[in-house]
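FYI, side chains are in, hydrogens and waters are out, and symmetry mates aren't considered; it's all heavy atoms of this structure.
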Amino acid sequence: FFSNIKKFYSIHNCSAQSVFSLMNGIKLGDNKILIRKNLWVVAKENGYKTIYLSGQEKESNYQYLQSPNEIQNIDNKIFFSSFEHKQRDKEILRSLIQIIRKGKKQFVVVIKNGSHFPYHNKFDLEKYDLNAESNNKLIYTYSLKENSVEFLKELFTNTNDHTKILYLSDHGQDFQNKSFKHCNSTNPSRNEWEIPFIYYDIQGNDIKKINNLEVYDLVLSLFGVDRKKLKSTENYLFYGNFNTRFDTNLQFKKTP
């Protein structure tokens with residue numbers, strides 16, 4: 001299942017702006033940041049039922065900078081914040097498997113509860129003889145095993161011939177002492193962008209190489225929409241804020 005996992009980079013080191021950037025296909029042109037058509041809108045235009053599963057938001061309290069017009073293009077919204085943190089991804093998985101079994105032409109976006117800081121409440125610590133005072137890196141590692149590896153193993157064994165899965169994180173984590181784990185807008189570490197990337201297709205297709213601004217185009221291709229050929233150039237690592245009302249103006253680094 002995990003033979004095709006790749007070290008990848010998120011677009012931004014903060015959740016909301018990273019998700020916004022992917023869903024709106026940001027790109028650079030003439031030294032400007034350009035926004036393309038939102039993926040919810042593209043999915044509806046191409047005849048897809050749109051479904052949103054969120055493990056971090058409350059109903060009617062969206063965290064990912066989605067506009068009212070974009071939200072109107074979501075057919076079914078399911079929120080899991082009423083569950084305990086360690087139970088949310090299990091409930092998401094159960095719902096997601098049921099959704100996959102129901103139909104072919106569905107575009108499903110899942111915001112997992114995942115392994116976000118603080119890590120100790122994201123899974124059953126006692127299962128691995130851990131407690132809240134255990135080493136943070138160790139807790140994080142087992143959280144990844146429980147909420148990513150085990151989650152995907154179960155998901156991959158419950159897909160069908162029509163299912164394509166893109167799995168990646170909105171940001172990475174930095175374990176340096178006395179620093180932000182992510183969302184550092186003054187002196188960020190590259191660890192804040194380092195994430196896994198998996199493209200899963202039961203028929204064995206694979207994505208050989210892709211950069212982080214091309215994931216949007218990859219989704220377009222899965223919709224059957226013409227898009228530019230993937231160039232596999234350097235990744236853009238954005239930090240700071242898209243909103244100019246804040247002092248942290250948007251900046252970026254590059255990495256091959």
His171 ring center within less than 6.0 Å of His116 ring center:
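Close enough - the centres of the two rings lie under 6.0 Å apart.
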
Please find the pair of heavy atoms, one from Ser10 and one from Ser169, that lie closest to each other, and give the distance.
CB-O, 4.1 Å

Taking all atoms of both residues into account, what is the closest heavy-atom pair of Ala132 and Ile139, and its distance?
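So the two residues come closest at O-CD1, 4.2 Å.
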
ring-ring contact (aromatic ring centres under 6.0 Å, His included) partners of residues 207-229, not counting sequence neighbours, each pair once
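Sorted pair list: Tyr48-Phe223, Phe107-Phe223.
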
Can a donor-acceptor pair be found, under 3.5 Å and without considering hydrogens, that links the side chain of [X] to the backbone of [Y]?
X	Y	result
Asp75	Thr50	yes
Asn13	Asn184	yes
Asn235	Asn212	yes
Ser81	Glu57	yes
His120	Asn136	no
Thr157	Glu154	yes
Ser18	Ser15	no

So Leu155 and Leu96, side chain to side chain contact (heavy atoms under 4.5 Å, CB included) or not? Walk me through it.
CA-CA 8 Å; Leu155 178 60; Leu96 184 54; 3.8 Å; yes

Cluster overlap Ile97 with Val149, hydrophobic side-chain contacts below 4.5 Å:
yes

Should the pair Trp40 and Tyr52 be assigned to parallel (<30°), tilted (30 to 60°) or perpendicular (>60°) ring geometry?
perpendicular

Once side-chain hydrogen bond (donor to acceptor under 3.5 Å, both in side chains) is applied, what residue pairs with a partner in residues 95-107 remain, sequence neighbours excluded?
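Output for this query lists Arg101-Asn158.
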
Less than 4.5 Å apart, side chain to side chain, heavy atoms only: is that true for [X] and [Y]?
X	Y	value
Lys6	Ile210	no
Ser134	Asn131	yes
Leu152	Tyr200	no
Glu146	Lys90	yes

Given the options Ile99, Ile165, Asn76, Val108 meets side chain to side chain contact (heavy atoms under 4.5 Å, CB included) only with Ile99

Which residue is it: Val110, Ile92, Ile111? I am looking for the one with a side chain to side chain contact (heavy atoms under 4.5 Å, CB included) to Ser54.
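Option passing the side chain to side chain contact (heavy atoms under 4.5 Å, CB included) with Ser54: Ile111.
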
Indicate yes or no: does Glu91 engage Arg88 in a salt bridge with an N to O separation below 4.0 Å.
no

Under a plain distance cut-off of 3.5 Å, with no hydrogens placed, do Glu192 and Tyr239 share a side-chain donor-acceptor pair?
no

Could you check Ile26 against Tyr236 for side chain to side chain contact (heavy atoms under 4.5 Å, CB included), going step by step and ending with a plain yes or no?
CA-CA 11 Å; Ile26 71 163; Tyr236 286 82; over 6 Å; no

Step by step, work out the side chain to side chain contact (heavy atoms under 4.5 Å, CB included) result for Phe20 and Ile35.
CA-CA 10 Å; Phe20 172 86; Ile35 304 288; 3.8 Å; yes

Salt bridge (Lys or Arg N to Asp or Glu O under 4.0 Å), that's the test. Do Asp89 and Lys112 meet it? Break it down for me.
CA-CA 6 Å; Asp89 284 351; Lys112 291 171 70 266; 3.3 Å; yes

Intermediate values then yes/no, side chain to side chain contact (heavy atoms under 4.5 Å, CB included), Leu130 and Phe123
CA-CA 10 Å; Leu130 299 170; Phe123 67 105; 4.2 Å; yes

More than 12 foreign heavy atoms under 6.0 Å from NZ of Lys44: is that the case here?
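It does: Lys44 NZ has more than 12 such atoms within range.
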
My understanding is that only residues two or more places apart in sequence, or in another chain, count here; which of them pass salt bridge (charged side-chain N to carboxylate O under 4.0 Å, His left out) with Asp124?
none

